[in-house]
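Side-chain atoms are counted along with the backbone in the values below, which use heavy atoms only and exclude waters and symmetry mates.
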Protein chains: 2
Amino acid sequence: MGDQANPEHLSVAAWTKRCYFAGRALMDATLRPYDLGATQWYVLWHLANNGPTVQRDLGRTLDLERATLSGIISTLVRKDLVAQTSSGDDQRQRLLTLTAAGEALWRKLPDLSFIHDTAFGGIDEADLATTIHVLRSATERLQNLLRKD
Amino acid sequence: MGDQANPEHLSVAAWTKRCYFAGRALMDATLRPYDLGATQWYVLWHLANNGPTVQRDLGRTLDLERATLSGIISTLVRKDLVAQTSSGDDQRQRLLTLTAAGEALWRKLPDLSFIHDTAFGGIDEADLATTIHVLRSATERLQNLLRKD
DNA sequence: CAATAATTGCAAGGTAGCGAACGAATGTCA
DNA sequence: TGACATTCGTTCGCTACCTTGCAATTATTG
């Protein structure tokens with residue numbers, strides 16, 4: 001969030017937010033013709049590349065709360081892109097699979113790697129590493145403080 | 001979003017998201033006893049420090065869409081923390097002011113600067129500057145691409 | 001001055017995120 | 001074995017973000 005109107009004086013926190021939303025917006029804009037949200041795309045991407053997955057594992061991989069993922073999955077099931085079967089030994093778990101329609105749609109989707117390339121292409125490797133380090137340590141410190149409550 | 005379950009191999013993009021949400025979560029947790037969301041806090045903060053403000057200017061300062069801000073303001077008005085008067089020369093504009101209750105609540109709120117300190121305190125100044133530079137240039141490139149459509 | 005364009009805010013509808021609470025299934029241990 | 005705890009998914013209620021479309025107001029321009 002911006003303390004100042006002038007973009008020169010924004011904090012790390014403010015740029016973190018802006019950057020996140022800019023990337024998200026570009027993803028959303030690219031996927032809009034296909035009626036897909038960014039997180040829905042991540043689910044399809046994972047299923048297309050890793051095959052059927054237990055919902056719990058997918059949640060961990062994509063770092064989503066169970067409640068959040070639940071809603072996204074039900075949207076994808078409603079669109080008939082993903083099938084949710086309760087197969088398996090553990091009757092609590094749900095197995096997620098791409099439907100035929102899901103596979104067909106996935107093949108039609110454009111490659112989104114240009115977004116990451118646009119954002120971080122050509123930037124010094126060392127600077128990227130520094131950025132990851134700063135963001136990661138900040139994230140871990142914040143999460144530690146959260147757990148303390 | 002995470003390609004890998006292993007936090008060692010996440011991309012810049014994934015850490016940007018994680019870091020944003022970690023800070024957001026800590027803000028939300030701190031403000032929950034006061035029934036305030038993070039963005040609502042930013043609005044009160046701005047009004048408390050800058051006095052009455054036209055809604056349009058506040059939107060620009062906080063980098064929020066008109067529709068988004070509209071909902072947030074109506075929540076704050078419903079809680080009687082902010083008054084929205086259509087005073088002024090331009091009859092389309094709304095002037096936002098803290099109510100007495102809003103001022104009283106603001107004085108009771110805890111200082112949130114510990115969040116930024118937790119996240120980025122003690123980190124090398126040069127690394128912080130690098131991080132800002134990387135995030136800022138990524139954001140600008142993404143926004144340029146967005147405008148092109 | 002009248003027609004057109006731009007601006008401001010609102011409402012509706014959709015996506016995504018969270019916490020809390022719940023039922024069903026499974027684990028644990030006295 | 002039986003009581004208790006944990007895990008998994010869902011639902012509910014909430015914040016916050018976006019787009020589209022609308023109405024009112026103001027600015028511009030022929």
Participant: Where the side chain of B/K79 is defined as all heavy atoms beyond and including C-beta, which of D/dT25, D/dT15, D/dG9 is the nearest nucleotide?
Facilitator: D/dT15
Participant: Taking the side chain of A/R24 as its heavy atoms from C-beta onward, which of D/dT26, D/dA16, C/dG17 lies nearest to it?
Facilitator: C/dG17
Participant: Considering heavy-atom distances to DNA chain D, does A/I73 or B/W41 have its closest nucleotide positioned more toward the 5' end?
Facilitator: A/I73
Participant: Is the shortest side-chain N/O distance from A/Q84 to OP1 or OP2 of D/dG9 below 4.0 Å?
Facilitator: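 No, because none of the side-chain N or O atoms of A/Q84 sits under 4.0 Å from OP1 or OP2 of D/dG9.
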Participant: If you look at every strand shown and take non-hydrogen atoms under 4.0 Å, does A/D89 touch a base, only sugar-phosphate, or nothing?
Facilitator: sugar-phosphate
Participant: Could you say whether A/I72 or B/G71 is positioned toward the 5' end of DNA chain C, judged by the nucleotide with the nearest heavy atom to each?
Facilitator: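 The residue whose closest nucleotide sits nearer the 5' end is B/G71.
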Participant: Rounded to whole angstrom units, what separation is found between the CG atom of B/L62 and the C1' atom of D/dC18?
Facilitator: 17 Å
Participant: Among the nucleotides D/dG9, D/dT25, C/dT26, which one has an atom lying closest to any side-chain atom of B/D90?
Facilitator: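 Of the options given, the side chain of B/D90 lies nearest D/dT25.
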Participant: How long is the line joining CZ of B/F21 and C1' of D/dT15, in whole Å?
Facilitator: 11 Å
Participant: Using whole Å, what does the distance between atom P of nucleotide C/dT15 and atom CG of A/L26 come to?
Facilitator: 19 Å
Participant: Is any side-chain nitrogen or oxygen of B/Q93 closer than 4.0 Å to OP1 or OP2 of C/dC10?
Facilitator: no
Participant: Choosing from D/dT10, C/dT15, C/dT26, which nucleotide comes nearest the side chain of A/Q91?
Facilitator: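 For the A/Q91 side chain, the nearest candidate turns out to be C/dT26.
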Participant: For side-chain contact (heavy atoms from CB on, under 4.5 Å), just list the numbers for B/S86 and B/L95, CA-CA rounded to whole Å, side-chain angles, deciding distance to a tenth of an Å, and then say yes or no.
Facilitator: CA-CA 6 Å; B/S86 62; B/L95 188 68; over 6 Å; no
Participant: Check whether any side-chain N or O of A/K17 sits under 4.0 Å from OP1 or OP2 of D/dC17, and answer yes or no.
Facilitator: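 Affirmative; the distance criterion is met.
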Participant: Carefully, step by step, assess B/T61 and B/T53 under the rule side-chain contact (heavy atoms from CB on, under 4.5 Å).
Facilitator: CA-CA 10 Å; B/T61 305; B/T53 308; over 6 Å; no
Participant: Of the listed nucleotides (C/dC10, D/dC17, D/dG9), which one gets closest to any side-chain atom of A/R56?
Facilitator: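 Of all the options, the side chain of A/R56 is nearest to D/dG9.
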Participant: Quick one: does B/T99's side chain have a donor or acceptor within less than 3.5 Å of a partner on B/D80's backbone?
Facilitator: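 Yes; judged by distance alone, with no hydrogens or angles, the pair exists.
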Participant: Can you identify which nucleotide, out of D/dA16, D/dG9, C/dT15, has its nearest atom closest to the A/T75 side chain?
Facilitator: C/dT15
Participant: Take nucleotides 19-24 of chain C nucleotide by nucleotide from the 5' end and write B, S or -, depending on whether a protein heavy atom sits under 4.0 Å from the base, only from the sugar-phosphate, or from neither.
Facilitator: BB----
Participant: List in chain and number order the residues that pass ring pair (Phe, Tyr, Trp, His ring centres under 6.0 Å) with B/F120, two or more places apart in sequence or in another chain; answer none if no residue qualifies.
Facilitator: B/H116
Participant: Checking the side chain of B/T68 only, and the main-chain atoms of B/L64 only, is there a donor and an acceptor separated by less than 3.5 Å?
Facilitator: no
Participant: Strictly by side chain to side chain donor-acceptor pair (under 3.5 Å), give each pair with a member in residues 25-38 of chain A just once, sequence neighbours left out.
Facilitator: none
Participant: Rounded to whole angstrom units, what separation is found between the CG atom of B/L69 and the C1' atom of C/dT8?
Facilitator: 12 Å
Participant: D/dC8, C/dG9, D/dA16: which one has an atom nearest the side-chain heavy atoms of B/T39?
Facilitator: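 In terms of side-chain proximity for B/T39, the closest of D/dC8, C/dG9, D/dA16 is D/dA16.
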Participant: Does the plane of the ring in B/Y20 sit parallel, tilted or perpendicular to the ring in A/Y20? Use 30° and 60° as the thresholds.
Facilitator: parallel
Participant: Of the listed nucleotides (D/dC8, C/dT8, D/dA16), which one gets closest to any side-chain atom of A/R60?
Facilitator: D/dC8
Participant: Where the side chain of B/R94 is concerned, which of C/dG17, D/dA16, C/dG9 is the nearest nucleotide?
Facilitator: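 Looking only at side-chain atoms, B/R94 lies closest to C/dG9.
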Participant: Output yes when a side-chain donor or acceptor of B/R18 lies under 3.5 Å from a complementary backbone atom of A/E140, and no otherwise.
Facilitator: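 No, B/R18 side chain to A/E140 backbone: no donor-acceptor pair under 3.5 Å.
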Participant: Find the distance A/M27:CE to D/dC17:P and express it as a whole number of Å.
Facilitator: 19 Å
Participant: To the nearest Å, how far apart are A/L31 CG and C/dG14 P?
Facilitator: 18 Å
Participant: For the pair made of OH in B/Y20 and P in C/dC18, what is the distance, rounded to whole Å?
Facilitator: 11 Å
Participant: Between A/S70 and A/D28, which is nearer to the 5' end of DNA chain D once each is assigned its nearest nucleotide?
Facilitator: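 By nearest-heavy-atom nucleotide position, the 5'-most residue is A/S70.
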Participant: Ignoring hydrogens and angles, tell me if any N or O in the side chain of B/R94 forms a donor-acceptor pair with the backbone of B/Q84 under 3.5 Å.
Facilitator: no
Participant: B/Q55 has an atom CD; how far is it from atom P of C/dT7, in whole Å?
Facilitator: 17 Å
